[in-house]
Amino acid sequence: MLRCSLFLLVWPALVFAQGTVTIYGTVTDPSGAAIVGAKVAVTNSATKQSRDTVSAVDGNYVVPDLPVGTYKLSVTATGFKTFMQDGILVQVDENRRVAVQMAVGGMSESITVAADVAQVETRSSALRQVVDSARIVELPLNGRNPLQLSYLVAGSSGSTDPSGGQALNSSVSIDGMRANSNNYSLDGADNQDPFFNTPSSFPNPDALEEFSLQTSNYSAELGRNAGAAMNAVTRSGTNSLHGSLFEFLRNYDMDSRNFFANSVSPYRRNQFGGTVGGPIRKDKTFFFGSYQGTRVNSEAGAQTPIVPSAAQRTGDFTGTKTIKDPLTGAAFPNNIIPASRISPFALNFMKDFVPAANAPNNVYTFPTASTTVDDQAVAKIDHQLSNSNHLSGRLLYERNNTNQVPDATDLPGFWAIIDYSMWNVALNDIHIFSPHLVNQFTFGFNDIVRQQLPHVAGTASLVDLGTGFVRAAPGPLAYDTVVSGYFDAFSRYLLNQYRKGFQYTDALNWILGAHSLKFGVDVRQDICDQSQNFQTDAAVTFTANYTGLALADFMLGRENSFTQGSPNAGSPRTIEFDTYLQDDWKFSKRLTLNMGLRWDPFLPFSDALNHLAQFRPGEQSKLYPSAPPGYVFPGDPGVSSTTMNSRLSN
């Protein structure tokens, strides 16, 4: 892999970004006694934006809801020298303690502390790990997907795909939880694919500041799912203009031949783009933009289905394991299936779709037809409306078109054409009512469109091949035919999904003496409209169930399983609501208690088309009298639109 980068100006060490960050500590005099009413100012080094508070009766101060970044802290009190500490690096979801010991003297004098030692988290019991910008940019990532770095977190079991290859991003199992049990947020807003419960579009490494993964013991603010909670923040502009250009190239001219291939795969991957950020109005308004394009031709490696030999195509399995006749239970004489017993479907299928072997052991090897065209853009604006009000808005758009070959044993000409387009919006408003009362409102919007079209080799359906099946729906041909251990003909099925998500979140931080209180409410609405022809062209699997050899079962036309469905459409709708109270109580200098309450009621989803059913033994539907006994539907007596009751005591 080659990398060529051109930097217009050097990036600041950390840039201004939306996050959930707190700086706190205690102001004391040289004897260790608390100083009441000391003025504390926290200033962002990159944007010069400042927040002020005063120390409480116990000397404690807390500055919540700060953006991720590097800060300078200054403290003044009558009769004491001014205290200053610079270079305070605060990462996403971090509670950074800065202890302040004042020295007797005039305020015109100052003490500057340069050291910023590593700290042990003492304010929160959450287990958290941050993947910072240095690791995001410098660690090698195959495909430049920062989500891969979540595999480095303690308790991770590596990449897991609960969608079966249909989601844009895979997930990760943490501490034994299911991979679809995690929560993903970007700039404080929901970044979840509501259909698969996997991460939605995720910024490229040059647009991402950092992300944290909280794996257990997190606060009442986080909930909804039982797995890990990922909070990622994108980069923002600063007072200086900065940017970058990049190009990543992988080319088959520099590759060696795969052991199982006859030639080098024509694999090419180009990833290119750039970033730019800076001030619109100095110390007031900032912008950031990023673009990344990805072009992939074929994939590394090769397709390696095992195909029948010339003899096996005529029913001659000499030299293989003994195959038995399913009609008699005895072995076929000479291990040969009589020509009269060979299925016309098998002969037609092999003629149309199964080439002769071109490698040892009856392997047919060829380059995969997988391709990818992906474009991603990120735009962000930060604006200081006043000293007490900060606004931030971020837009992420991604379009991904993939020719997906689902399996390494797929025959030539079978793949799925999958087109994704995604919009993700986050709007944040932080309002400071007083140094001890801060409110943050967040609006999030997700729009995901997924369209899938099967691609098959030729125009013959299973009906045309002589199976005796019927097609359950018109439209594009699709195949899901598997001969276990040999080859597949798998193209996926026609599918259209339109998914939207809306999120409204409000959180109020109230510093009340030794108590740091947080009240919040989160409302989400998910909308999905979909139609699909899943398994309307039958899914057929051949195993070794009848003859002892899957290929011989195929030659006899003896499938182990046959699955066929009808076209289906649905429009599920759901509302999620939760509210919480969190109290982080500094009980003493050595003890902080994290206490929280969360109400997360279960509100079942409904369907705008009423495509739901419920089973009630012995009841006959009044709405659909011809339905089988026991099946009732929304609109039948006593059947709600959701077919189940809400559970408000969750």
Side-chain angles (χ1 to χ4, degrees), residues 16-24 40-44 47 49-56 60-69 71 90 92-96 123-124 185-190 218-224 229 231 233 236 284-286 380-394 425-445 502-525 576-586 594-600:
F16 185 71
Q18 186 65 39
T20 53
V21 163
T22 298
I23 293 178
Y24 74 102
V40 180
V42 176
T43 304
N44 188 290
T47 64
Q49 294 178 343
S50 182
R51 287 269 299 276
D52 301 323
T53 189
V54 294
S55 59
N60 291 327
Y61 71 92
V62 180
V63 186
D65 289 332
L66 289 168
V68 170
Y71 287 88
V90 192
V92 61
D93 292 328
E94 183 178 8
N95 293 288
R96 168 62 69 168
R123 191 170 183 263
S124 171
S185 65
L186 181 62
D187 295 322
D190 180 49
Y218 32 72
S219 74
E221 178 183 4
L222 302 175
R224 187 171 180 264
N231 188 13
V233 292
S236 293
K284 194 81 172 179
T285 309
F286 310 91
K380 190 173 184 181
I381 296 289
D382 291 282
H383 177 61
Q384 191 76 17
L385 194 63
S386 68
N387 289 336
S388 60
N389 205 0
H390 172 256
L391 300 176
S392 175
R394 188 262 309 141
V425 175
L427 300 176
N428 288 278
D429 178 16
I430 297 177
H431 191 88
I432 305 167
F433 293 100
S434 75
H436 299 290
L437 194 64
V438 180
N439 188 81
Q440 178 172 347
F441 172 78
T442 299
F443 169 75
F445 173 68
F502 300 85
Q503 181 188 22
Y504 310 89
T505 301
D506 195 76
L508 181 68
N509 269 293
W510 185 18
I511 310 303
L512 187 62
H515 295 268
S516 180
L517 302 172
K518 191 168 190 178
F519 312 86
V521 62
D522 184 22
V523 179
R524 307 185 191 207
Q525 180 185 20
E576 297 180 50
F577 171 84
D578 61 72
T579 185
Y580 63 89
L581 166 62
Q582 179 73 23
D583 181 8
D584 297 322
W585 179 21
K586 189 173 177 58
N594 301 129
M595 302 174 290
L597 291 173
R598 182 180 177 88
W599 184 42
D600 217 340

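In what follows, every heavy atom counts, from backbone to side chain, and hydrogens, waters and symmetry copies are set aside.
With hydrogens and angles disregarded, a donor-acceptor distance shorter than 3.5 Å links the side chain of Asp600 to the backbone of Arg224. Using a distance-only test at 3.5 Å, with no hydrogens or angles considered, a donor-acceptor pair links the side chain of Gln582 to the main chain of Ala220. A donor-acceptor pair is defined here as one N or O able to donate and one able to accept, closer than 3.5 Å; no such pair exists between the side chain of Ser185 and the backbone of Asp190. In this structure a side-chain-to-backbone donor-acceptor pair under 3.5 Å is present from Arg394 to Leu186.
The aromatic rings of Trp585 and His515 sit parallel to each other, their planes meeting at less than 30°, with 60° as the upper class boundary.
The two residues Leu222 and Arg598 come nearest to each other via the heavy atoms C-NH1, 3.9 Å. Closest non-hydrogen pair, Gln49 versus Lys284, comes out as NE2-O, 3.7 Å. Residue Val233 comes nearest to Val92 through the heavy atom pair CG1-CG2, 4.3 Å, listed as atom of the first residue, atom of the second, then distance. When all heavy atoms of Thr53 and Val63 are compared, the closest pair comes out as CG2-CG2, 3.7 Å.
Applying the salt bridge (charged side-chain N to carboxylate O under 4.0 Å, His left out) test to Asp584 and every residue at least two apart in sequence or in another chain returns nothing. Applying the side-chain hydrogen bond (donor to acceptor under 3.5 Å, both in side chains) test to Arg51 and every residue at least two apart in sequence or in another chain returns nothing. For Asp522, the salt bridge (charged side-chain N to carboxylate O under 4.0 Å, His left out) criterion is met by Arg524, not counting sequence neighbours.
Within the model, atoms CG of Leu427 and CD1 of Ile381 stand 12.0 Å from one another, a figure rounded to the nearest 0.5 Å. Between atom CG of residue Leu66 and atom OG1 of residue Thr22 there is a gap of 7.0 Å, rounded to the nearest 0.5 Å.
The distance between the ring centers of Tyr24 and Tyr61 does not fall below 6.0 angstrom.
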